[in-house]
Number of protein chains: 2
Amino acid sequence: MAKRAKKTANPRKTPEQDRSRATVEAIVEAAAHILVKYGYDAFTTNRVAERAGVSIGSLYQYFPNKDALLSELMRRHVAQIERGVEEMAALARTAPLAEVIRTGIQENVRSHLIDPELHRVLSEEVPRLGSLDWKVAFVARMEDRVRGMLEARRSETAIADTGLAAYIVTRTVEAVVHNAMREQPKALASGALADELTRMLLGFLTGKVSAAARRHSAAAE
Amino acid sequence: MAKRAKKTANPRKTPEQDRSRATVEAIVEAAAHILVKYGYDAFTTNRVAERAGVSIGSLYQYFPNKDALLSELMRRHVAQIERGVEEMAALARTAPLAEVIRTGIQENVRSHLIDPELHRVLSEEVPRLGSLDWKVAFVARMEDRVRGMLEARRSETAIADTGLAAYIVTRTVEAVVHNAMREQPKALASGALADELTRMLLGFLTGKVSAAARRHSAAAE
DNA sequence: GTATAACATGAGCAATAGCTCAGATTGACC
DNA sequence: GGTCAATCTGAGCTATTGCTCATGTTATAC
């Protein structure tokens with residue numbers, strides 16, 4: 001490994017002609033391809049450039065260092081995820097709590113399905129860039145939203161510490177769904193996992209047990 | 001980075017004299033120290049040897065490669081964790097469900113307190129060794145125990161799919177506690193987080209809302 | 001005291017990775 | 001068709017790291 005350049009590098013040239021824009025696209029696509037198919041160990045700038053059909057020099061004309069390329073990948077991935085979140089936020093104001101929870105979980109599932117393997121590599125294999133990696137920041141924003149919702153719905157819920165409850169709910173959804181992608185693909189696909197999760201969280205937040213969430217399981221006794 | 005040796009390496013010499021046993025200890029301690037204090041990037045065999053006050057050649061006399069040294073660190077850490085789990089398993093057969101859940105959570109907290117920083121580095125920074133890393137294996141064993149308990153307590157619970165419920169419960173506890181170590185140290189230390197988690201899981205498993213878990217919160221309305 | 005095995009040493013090899021730079025090529029505009 | 005900037009090229013520099021091996025030192029057995 002050569003010396004790692006300073007973390008916050010000066011931005012490089014911005015592409016102006018179509019030719020160079022195509023180069024940048026090729027590099028980003030190649031980067032994703034290498035990460036997904038061969039993992040972070042194989043993710044070297046030389047290899048990315050080769051796969052992109054571009055010289056290593058070109059890569060460094062648009063990305064000041066390796067981390068900048070990774071950041072761009074993350075930025076694009078997060079942008080795709082965020083798109084769907086806004087719609088959900090609107091729903092959250094009117095719909096019944098059970099539905100809000102259900103939708104939140106489905107939204108989380110959807111975000112894992114955009115590019116599952118890239119998502120996994122970015123959050124598990126890639127070393128943390130700085131102290132705030134992209135996922136931490138994203139989950140923190142979700143936590144804020146959830147807390148706001150809980151506060152707006154105080155009458156429906158049985159929660160004293162909304163901050164703590166929001167924390168537990170967001171980490172739970174994220175962790176269970178994220179791991180289930182690999183470990184419980186069937187329960188995820190069938191909706192059984194989302195059903196159970198919804199039931200758990202609804203009970204937690206309302207202090208009541210509801211049958212509303214049982215959209216799926218025909219099992220029960 | 002030099003070529004990475006084959007993954008499963010032939011075992012090296014086992015120390016026979018006190019002198020060499022001390023060498024091995026010094027190496028392992030130095031390894032943990034470097035990992036905890038400077039992170040995985042600084043974890044090079046040369047640096048570990050230097051910190052241990054031992055030549056690089058000695059290190060390779062007892063550890064066939066870098067991964068073997070990491071494995072030994074993990075092995076020791078897991079051994080410390082496992083010790084407390086057995087006691088809990090005994091309790092799980094007789095105690096009320098609420099208490100079993102509470103104890104399980106506390107046990108998980110304890111496992112994160114043995115060497116918090118080492119725990120974090122081993123599970124977040126260190127690249128996965130093989131497809132089964134130590135923590136996945138550990139959590140999988142916990143999942144088995146929980147499922148067994150749920151099946152033995154069918155009368156107390158309202159769970160159709162014990163496998164799915166055990167899955168959700170174990171990932172939830174592990175993820176929430178693990179993240180809370182950094183993100184919610186106060187709520188963890190006060191017990192408030194454990195209270196809320198217990199309430200959530202108990203409600204989930206029994207289908208009833210219990211006040212039993214409210215050992216801590218004097219807040220509630 | 002000597003032979004043998006256990007143990008320790010550290011210079012340096014081989015591989016590899018991030019990144020630079022001097023120069024070639026291409027395109028836009030007149 | 002000439003000019004200048006944008007773009008592209010890739011050999012190779014610099015640095016680092018995992019690990020070996022020839023050689024030296026210490027303990028044990030007799």
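Each chain gets a letter, A, B and so on, in the order the sequences are listed, and its residues count up from 1.
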Using a 4.0 Å heavy-atom cut-off, does B:Thr44 contact any base of the nucleic acid, only the sugar-phosphate backbone, or nothing at all? sugar-phosphate

Verify the distance criterion only: is there a donor paired with an acceptor across the side chains of B:Glu183 and A:Tyr167 at less than 3.5 Å? yes

Does A:Tyr40 form a side-chain contact (heavy atoms from CB on, under 4.5 Å) with A:Leu70? I'd like the steps, not just the answer. CA-CA 10 Å; A:Tyr40 184 75; A:Leu70 269 176; 3.9 Å; yes

Between atom [atom1] in [X] and atom [atom2] in [N], what is the gap in whole Å?
| X | N | atom1 | atom2 | value |
| --- | --- | --- | --- | --- |
| A:Ile27 | C:dC19 | CD1 | C1' | 14 Å |
| A:Phe63 | D:dT7 | CZ | P | 13 Å |
| A:Leu70 | C:dG18 | CG | P | 10 Å |
| A:Gln61 | C:dG23 | CD | P | 16 Å |
| B:Glu50 | D:dT16 | CD | P | 14 Å |
| B:Phe43 | D:dC19 | CZ | P | 11 Å |
| A:Arg47 | D:dG10 | CZ | P | 19 Å |
| B:Asp67 | D:dC19 | CG | C1' | 13 Å |

Has the side chain of A:Asn46 got a donor or acceptor that lies under 3.5 Å from a partner of the other kind on the base of C:dC19? yes

Indicate the ring-plane relationship of A:His178 and A:His112, choosing parallel, tilted or perpendicular according to the 30° and 60° boundaries. perpendicular

Please check this pair: side chain of B:Lys135 against backbone of B:Leu122, looking for a donor-acceptor N/O pair closer than 3.5 Å. no

A:Arg199 side-chain N/O to B:Phe204 backbone N/O, donor-acceptor pair under 3.5 Å: yes

Does A:Arg102 come within less than 4.0 Å of A:Glu99, counting only side-chain N to carboxylate O? no

Which of residues 17-25 of chain B sit near DNA chain C, with a heavy atom under 4.0 Å from it? B:Gln17, B:Arg19, B:Ser20, B:Thr23

N/O (side chain, [X]) to phosphate O (OP1/OP2, [N]) under 4.0 Å:
| X | N | value |
| --- | --- | --- |
| B:Ser55 | C:dT9 | yes |
| A:Tyr60 | D:dT9 | no |
| B:Thr45 | D:dG18 | yes |

Show every salt bridge (Lys or Arg N to Asp or Glu O under 4.0 Å) that has at least one partner inside residues 37-57 of chain A, sequence neighbours left out. none

Using heavy atoms to find the nearest nucleotide of DNA chain D for A:Leu59 and B:Gly57 separately, return the residue whose nucleotide is more 5′. A:Leu59

In terms of side-chain heavy atoms of A:Ile56, which of C:dT20, D:dT7, D:dC19 is nearest? C:dT20

